[in-house]
Amino acid sequence: MSKFRYPVDTDQFQHIREEGKVYVDKTGLMYDLVNRYNYVFLARPRRFGKSLLCNTLKAYFQGQKELFEGLKVAELETEWKKHPVLHFDMSEMRNCTDIKDMRDVLSALLEKYEKAYGTQKRIDDFGTRFSQLIHHVNETTGTQVVVIIDEYDTPLMRNLYNKELLTELRSLLRGFYQTVKLDGAYLRFVFITGVTKFSQVSIFSELNNLKQISMLDEYSGICGVTQKELDSVLRPCVEEYAEAIGITTDEAYALLKKNYDGYHFSPNSEDVYAPFSLLNALNDKSTNHYWFESGTMTALIDHLKHHPRFNALDFDGAELELDTFNMPCENACTPIPLLYQSGYLTIASYDREYDTYTLHFPNYEVRQGMVKGLANYLMETDRIDQDATILAMTRAIKGGDLAGALQQLRSYIATIPYDIISKKEWMAKKNHEGFYKMLMYIIFSLLNSKVDTEVKSILGRADVVIQTKTHVFVLELKVDDTVDNALVQIDDKGYAIPYSADGREVIKCGVSISSEARNITHWRITDAQGNTLNEQKF
């Protein structure tokens with residue numbers, strides 16, 4: 001049994017502190033934030049600790065000094081002045097299906113504080129009602145009010161493509177949020193969180209005084225667990241984890257990094273781990289994947305359907321300007337803003353000279369969650385058959401038998417329903433090339449080897465690179481084209497050159513896929529010098 005108690009089932013700061021659960025101290029950053037700004041907006045992916053930060057702020061402003069003993073803020077704060085806190089969790093609207101349900105939820109959120117502070121007068125306009133509540137609380141307590149709005153965008157994102165309901169929802173929320181600005185004299189601090197960046201031209205046009213801290217270097221680690229924190233505060237937890245699963249501490253760090261690290265939220269961001277996944281892994285002594293839920297992939301697929309020209313896996317390694325991926329999702333002409341803001345992609349690097357960012361999947365957990373979700377949607381075949389094929393291909397690859405792996409893949413593709421392309425036309429880009437390339441990328445990405453797709457070289461991108469301890473397989477896929485052209489492209493673009501001197505055997509492979517036959521019809525496998533090792537035509 002673990003000697004540590006992990007907060008895997010709560011985001012309540014008070015419970016975590018009172019019950020002695022693991023807490024990574026963010027209160028120094030919190031103190032700096034509340035003493036520097038009055039109106040703050042923070043965007044972070046789901047399950048990234050935003051609600052815990054909100055609850056920590058709530059306890060701080062309520063003057064619950066005893067909860068902060070031993071934490072950084074206890075060294076910094078001298079007054080501990082108490083403020084009334086109005087805390088609204090807008091994710092309570094996530095299951096609402098019409099505007100009446102949303103009005104009822106918002107009304108209930110206000111009514112809780114109206115009863116607590118003795119203001120019972122009911123007004124239909126939510127902005128006026130919220131304003132009345134703020135004024136009354138301020139007058140009753142003689143103290144400025146703190147407003148915390150967590151997950152402000154949940155109802156908006158749930159209805160992003162329901163134009164009629166979205167219009168009604170904006171109208172409902174506009175007055176509510178506008179109150180926060182108009183009643184500024186009565187407010188000590190306003191903190192708003194969400195997944196997506198607020199839109200200056202929509203409901204937040206009235207809140208143009210919000211300080212957007214989401215991409216400031218100094219606050220990059222305000223949510224999540226940084227590498228420094230894992231190396232120091234959580235090191236005993238990692239040591240216990242390593243002992244429990246029978247590996248060294250260094251191996252445990254590498255395993256956790258591969259699965260849950262990789263998030264960067266600013267040009268010089270700290271290295272950040274996804275806290276929900278990391279803490280669950282430490283608690284369970286496992287490497288399970290926790291971030292994805294069934295509904296998560298459903299929402300992503302729905303979003304991608306509205307951008308039929310784009311392939312979700314094409315964006316891994318994309319180089320973009322900030323405005324391209326950090327704009328409001330509602331205004332975007334590509335799915336990149338949602339993929340970035342929701343945590344499917346993150347900043348890998350920043351080129352200051354050209355002011356561009358490179359985006360990548362943050363870690364193995366997210367990449368595999370994305371790939372498996374797309375596989376289930378795209379292929380519509382029995383999961384047992386899929387898993388058996390992946391296992392057989394993995395064994396073949398690890399044994400250096402690329403031809404065996406391709407034969408397994410070919411047999412599996414033959415089981416995919418005949419009409420699937422027409423059903424998935426949004427992925428096929430209205431031709432077969434997009435569909436088959438996506439299909440191949442997904443299947444190769446499911447292998448339990450080091451697999452990369454769309455790997456950059458100086459002159460282009462290799463379709464698939466598979467790395468094992470002994471081999472590097474470089475594959476180029478062609479739809480309704482020849483393996484000769486595929487192999488020429490590998491050589492002309494220098495796809496194999498980065499691996500030529502690392503001691504492993506480099507294998508090149510051209511694969512031809514026929515849209516008419518709906519399968520692989522030809523492959524040729526060569527060594528690094530171009531000598532044919534295996535060739536099959538069907």
Side-chain angles (χ1 to χ4, degrees), residues 11 13 23-61 68 71-77 87 146-153 180 188-198 200 204 207-234 260-276 278 322-323 325-328 337 340-343 345-350 352 355 357 359 362:
D11 56 18
F13 177 74
Y23 175 71
V24 177
D25 189 0
K26 305 289 184 179
T27 62
L29 284 173
M30 178 197 72
Y31 181 83
D32 177 80
L33 186 67
V34 301
N35 285 281
R36 182 176 296 191
Y37 304 112
N38 295 112
Y39 289 80
V40 177
F41 175 77
L42 173 67
R44 284 292 183 270
R46 56 186 286 278
R47 292 184 162 183
F48 227 89
K50 298 187 299 295
S51 295
L52 174 57
L53 179 58
C54 287
N55 286 312
T56 307
L57 284 163
K58 181 178 180 180
Y60 169 74
F61 279 113
F68 295 89
L71 301 181
K72 184 64 177 178
V73 71
E75 304 172 13
L76 302 170
E77 184 58 78
H87 182 189
V146 171
V147 172
I148 298 172
I149 302 175
D150 194 13
E151 303 287 5
Y152 91 90
D153 56 347
V180 177
R188 162 63 181 88
F189 186 72
V190 175
F191 187 65
I192 300 176
T193 80
V195 168
T196 64
K197 180 184 178 182
F198 65 86
Q200 295 282 2
F204 275 93
L207 276 175
N208 53 13
N209 59 333
L210 271 175
K211 179 60 182 178
Q212 160 74 279
I213 67 166
S214 308
M215 291 196 67
L216 296 183
D217 289 334
E218 57 263 42
Y219 297 114
S220 60
I222 198 167
C223 287
V225 177
T226 68
Q227 186 66 56
K228 292 178 182 178
E229 291 163 342
L230 191 66
D231 291 342
S232 55
V233 180
L234 296 182
Y260 313 120
D261 187 24
Y263 286 96
H264 304 95
F265 299 107
S266 64
N268 300 295
S269 172
E270 291 194 71
D271 213 16
V272 184
Y273 288 72
F276 181 82
L278 175 65
L322 176 63
D323 289 345
F325 67 88
N326 199 39
M327 68 187 304
Y340 168 72
Q341 294 163 28
S342 298
L345 296 173
T346 194
I347 296 170
S349 62
Y350 172 62
R352 190 171 298 277
D355 196 25
Y357 296 78
L359 303 184

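Nothing fancy with the numbering, it's 1 onward along the sequence. Hydrogens, waters and symmetry mates are skipped; everything else that's a heavy atom, side chains included, is used.
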For E218, side chain to side chain contact (heavy atoms under 4.5 Å, CB included) partners two or more places apart:
R36, L216
Is there a side-chain contact between [X] and [Y] in this structure, where contact means two heavy atoms from C-beta onward sitting under 4.5 Å apart?
X    : Y    : result
F13  : Y23  : yes
L42  : Q212 : no
Q227 : E270 : no

Nearest-0.5 Å distance that lies between atom [atom1] in [X] and atom [atom2] in [Y]:
X    : Y    : atom1 : atom2 : value
Y273 : Y263 : OH    : OH    : 13.0 Å
Y350 : L322 : OH    : CG    : 8.5 Å
D271 : D261 : CG    : CG    : 4.0 Å
F41  : I213 : CZ    : CD1   : 9.5 Å

Over all heavy atoms of both residues, which pair between [X] and [Y] is shortest? Give the atoms and the distance, please.
X    : Y    : answer
R46  : V195 : N-CG2, 4.0 Å
L230 : V225 : N-CG1, 4.1 Å
I347 : H264 : O-ND1, 3.0 Å
K72  : D25  : N-OD2, 2.7 Å
P275 : G49  : CG-N, 4.2 Å
D217 : S266 : OD1-OG, 2.5 Å

List the steps and the verdict of side-chain contact (heavy atoms from CB on, under 4.5 Å) for N38 and V190.
CA-CA 6 Å; N38 295 112; V190 175; over 6 Å; no
Are the charged groups of E229 and K26 less than 4.0 angstrom apart, N to O?
yes
Begin with the C-alpha distance, continue with both residues' side-chain angles, and end with the deciding distance and a verdict on side-chain contact (heavy atoms from CB on, under 4.5 Å) for N326 and Q341.
CA-CA 7 Å; N326 199 39; Q341 294 163 28; 4.2 Å; yes
Is the gap between the ring centers of F61 and F189 under 6.0 Å?
yes
Passing option when I192 is tested against I148, D153, L210 for side-chain contact (heavy atoms from CB on, under 4.5 Å):
L210
Is the terminal nitrogen or CZ of R44 (NZ for Lys, CZ for Arg) located under 6.0 angstrom from the six-membered ring centre of F265 and within 45° of that ring's axis?
yes
